[in-house]
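Heads up: numbering here begins at 1 and tracks the sequence.
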Amino acid sequence: MKRGMLDVEGLRTAVADGSIDTVILAFPDLYGRLMGKRLDASFFLTDVAGGTHACDYLFTVDMEMEPVSGYKFSNWELGYGDVHLAPDLGTMRKLSWLDRTALVICDAELEPSHEPVEVAPRSILRGQVERLRDAGFEAMAGSELEYYQFRTSYMEAAQSGYRGLRETGWYLEDYNLLQGTRSEDLNGAYRRHLAASGVPVESTKGEFGRGQHELNIRYAPVLDMADRHAVLKQAVKEVSEQLGASVTFMAKPDAEQAGSSSHLHVSLWQVKDGLLSNAFSGDGELTGIACSDVFRWFLGGWMRYVPEFMVCYAPTVNSYKRFQAGSWAPTATAWSPDNRTAGFRVVGSGASLRIECRIPGADVNPYLAYSAVIASGLAGIEGRIEPPAAYMGDVYSASDVATLPGGLDEAVEGFAGSELARSAFGADVVEHYAHFYSTEAEAYRRAVTDWERVRYFERI
């Protein structure tokens, strides 16, 4: 049993000795937030280990938890019934930052058939993992998450309208150990609690913004990584709350500072000679990289279908404000070996060969992003799609590469019209999420911002 993880017998023992008395049942919503309920641990063991219920409106609400009309899956006419939360007991872990508490991540199922809720993010990723397995592959993945920290509590931040927050640093943090020491009370707590709670940690480091940091966790099978990604965000927020601080995973929280990314590292593996080996490694060659046909085709498909799956990588209006030249965020879908100006960066060699996609921001829903990766890469393998030539040099200055979609409306249009998305995810899923993202874009169009007041109040 890995450190921090629990099985049912381990939970029984912990309940008996009083070290656990609460079990959280959690599942990701459309934004990737963990939703759910807290149960008495004894009640979970005797009555709920097979699952419980939650209102199906949780897959149709907006950021403010308001029900949104226009969804077929759940609406007022259907009465907003229940879905079944089926605990994935392999995800059960003891949370070291919460008193006497365990967490189990659940899959959402329809009542009474217990079929997967097809619009649930975890169901979508499970479906893509199964498609990949049918093709003989397993995906390994790693998320790198960046965030800004503040010596201001979440409540204080909200009461101030998120203005005048006290940054943990006052000059650029990137790899700076002195600045890192100043916020080690926070980052050290994140590392220790995650490692003790079944999320193996690699490192934290200062990033390019003031008070900006990156937390890297160990790579894992792709569904496990999506779960770890979600738990990481929950832990960082809750530990910050306990310490009177706050963090934001917005893609671009400040127009004058670097955005926060969630770079995705992905490789495919397959059984060869009785051993699981990296399917990207091979005797072929691509711009000096020793690789397999599978690597080339996966990269080719992933790149080709970025415009059609962009909503899965950049899900909010704010996401697109991060894509600026010279900002460490990409502006184009070019690829290159070890080049941080490109949207796709190839790193490692042999068993460690992998593709790093630098497009997603820290606001990404990992279940949807990894689903888009698999669907695109698998289409590349099936269609033997070759990647474009590697771009050598500064991609920001390139005029002959495909640029990223310019905003959420454009990305929604690409997703809604995507034949690949419909064949991989299902037409109902595409319709559901196209409505979801369109609702987000429309909410922004209706909003009156501080920028508008400052610009137009007196001078128009």
Worksheet item: Can you tell me how far the OG1 atom of T341 sits from the OH atom of Y396, to the nearest 0.5 Å?
Response: 6.5 Å
Worksheet entry | Parallel, tilted or perpendicular: rings of H432 and Y71 (30°, 60°) | tilted
Item to complete: Let me see the working for Q212 and S260 under side chain to side chain donor-acceptor pair (under 3.5 Å), right down to the final yes or no.
Response: CA-CA 8 Å; Q212 187 186 32; S260 290; 3.1 Å; yes
Fill in: Verdict with reasoning, L98 to L103, per side chain to side chain contact (heavy atoms under 4.5 Å, CB included)
CA-CA 10 Å; L98 293 179; L103 170 76; over 6 Å; no
Item to complete: Look at the aromatic rings of Y148 and F150 and report parallel, tilted or perpendicular, splitting at 30° and 60°.
Response: parallel
Discussion item. Considering only residues two or more places apart or on different chains, which pairs with a residue in residues 363-372 satisfy salt bridge (charged side-chain N to carboxylate O under 4.0 Å, His left out)?
Written reply: none
Discussion item. Using every non-hydrogen atom in the two residues, find where F249 and E146 come nearest and quote the distance to one decimal.
Written reply: CD2-O, 3.6 Å
Worksheet item: Are any of the side-chain heavy atoms of W451 and Y456 separated by less than 4.5 Å?
Response: yes
Worksheet item: Can you tell if the side chain of F323 reaches within under 4.5 Å of the side chain of P405, non-hydrogen atoms only?
Response: no
Discussion item. If you compare all heavy atoms of P366 against all heavy atoms of A226, which two are closest, and at what distance to 0.1 Å?
Written reply: CG-O, 3.8 Å
Discussion item. Could you check whether any side-chain heavy atom of S336 comes within less than 4.5 Å of a side-chain heavy atom of V346, counting everything from C-beta outward?
Written reply: no
Worksheet item: If you measure from the Lys or Arg side-chain nitrogens to the Asp or Glu carboxylate oxygens, is any gap between D224 and R218 under 4.0 Å?
Response: no
Fill in: Flag side-chain contact, heavy atom, 4.5 Å: L215 against L194
yes
Practice prompt. Answer yes or no: is there a side-chain heavy-atom contact under 4.5 Å between V68 and H435?
Written response: yes
Discussion item. Using a strict threshold of under 4.0 Å (side-chain N to carboxylate O), is an ion pair present between E356 and R354?
Written reply: no
Discussion item. Show the nearest heavy-atom pair for residues A424 and A375, with the distance to one decimal.
Written reply: CB-CB, 3.8 Å
Discussion item. For a 4.5 angstrom cut-off between non-hydrogen side-chain atoms, does N339 reach M392?
Written reply: no
Practice prompt. Could you walk me through whether S19 and D17 pass the side chain to side chain donor-acceptor pair (under 3.5 Å) test, one step at a time?
Written response: CA-CA 6 Å; S19 58; D17 66 24; 2.7 Å; yes
Item to complete: May I ask you to decide if S96's main-chain N or O and S197's side chain share a donor-acceptor pair within less than 3.5 Å?
Response: yes
Discussion item. For G211, is there any backbone N or O sitting under 3.5 Å from a side-chain donor or acceptor partner on E173?
Written reply: yes
Item to complete: Verify salt bridge (Lys or Arg N to Asp or Glu O under 4.0 Å) between E184 and R182, making sure each step is shown before the conclusion.
Response: CA-CA 6 Å; E184 178 62 5; R182 290 179 173 129; over 6 Å; no
Practice prompt. Output yes when a side-chain donor or acceptor of S371 lies under 3.5 Å from a complementary backbone atom of Y367, and no otherwise.
Written response: yes
Worksheet, complete the sentence: Rounding to 0.5 Å, atoms CG (L145) and OG (S143) come to a distance of 6.0 Å
Practice prompt. Evaluate the side chain to side chain donor-acceptor pair (under 3.5 Å) criterion for residues S319 and Y313: first the C-alpha distance (whole Å), next the side-chain angles of each, then the deciding distance (0.1 Å), finally the verdict.
Written response: CA-CA 9 Å; S319 304; Y313 307 129; over 6 Å; no
Worksheet item: Quick one: are M65 and L58 in side-chain contact, heavy atoms under 4.5 Å?
Response: yes
Worksheet item: Is R93 salt-bridged to D227, going by a charged N under 4.0 Å from an acidic O?
Response: no
Worksheet entry | Side-chain (Y190) to main-chain (S240) donor-acceptor, under 3.5 angstrom | no
Worksheet entry | Under 3.5 Å: donor-acceptor pair, side chain of R33, backbone of M63 | yes
Worksheet item: Centres of the F309 and F425 rings: under 6.0 Å?
Response: yes
Item to complete: Take I460 and R455 through the test side chain to side chain contact (heavy atoms under 4.5 Å, CB included) and record every step on the way to the result.
Response: CA-CA 8 Å; I460 194 70; R455 192 170 184 87; over 6 Å; no
Worksheet, complete the sentence: Output for pair (L132 CG, I374 CD1), nearest 0.5 Å, gives 5.5 Å
List the atom pairs, donor and acceptor, that lie under 3.5 Å between side-chain atoms in residues 37-44 and the rest of the protein, sequence neighbours left out.
from: K37; atom 1: NZ; to: H53; atom 2: O; distance (Å): 2.9
from: D40; atom 1: OD2; to: S42; atom 2: N; distance (Å): 3.0
from: D40; atom 1: OD2; to: F43; atom 2: N; distance (Å): 3.1

Discussion item. Suppose we call two aromatic rings close when their centres sit under 6.0 Å apart. Are F59 and F27 close by that rule?
Written reply: yes
Worksheet item: Atom CE in M303, atom OG1 in T333: separation rounded to 0.5 Å?
Response: 5.0 Å
Worksheet, complete the sentence: ring-ring contact (aromatic ring centres under 6.0 Å, His included) test vs F298 passes for just one of Y305, F280, F344, W335, namely F280
Worksheet entry | Backbone of P116 reached by a side-chain donor or acceptor of D107 within 3.5 Å | no
Discussion item. Applying side chain to side chain donor-acceptor pair (under 3.5 Å) to N187 and T204, what does each step give before you reach the verdict?
Written reply: CA-CA 7 Å; N187 292 310; T204 55; 5.2 Å; no
Discussion item. Do S261 and E144 make a side-chain contact, defined as non-hydrogen atoms from C-beta onward lying under 4.5 Å apart?
Written reply: no
Worksheet item: Is the side chain of T91 donor-acceptor paired with the backbone N or O of I105 at a distance under 3.5 Å, no angle test?
Response: yes
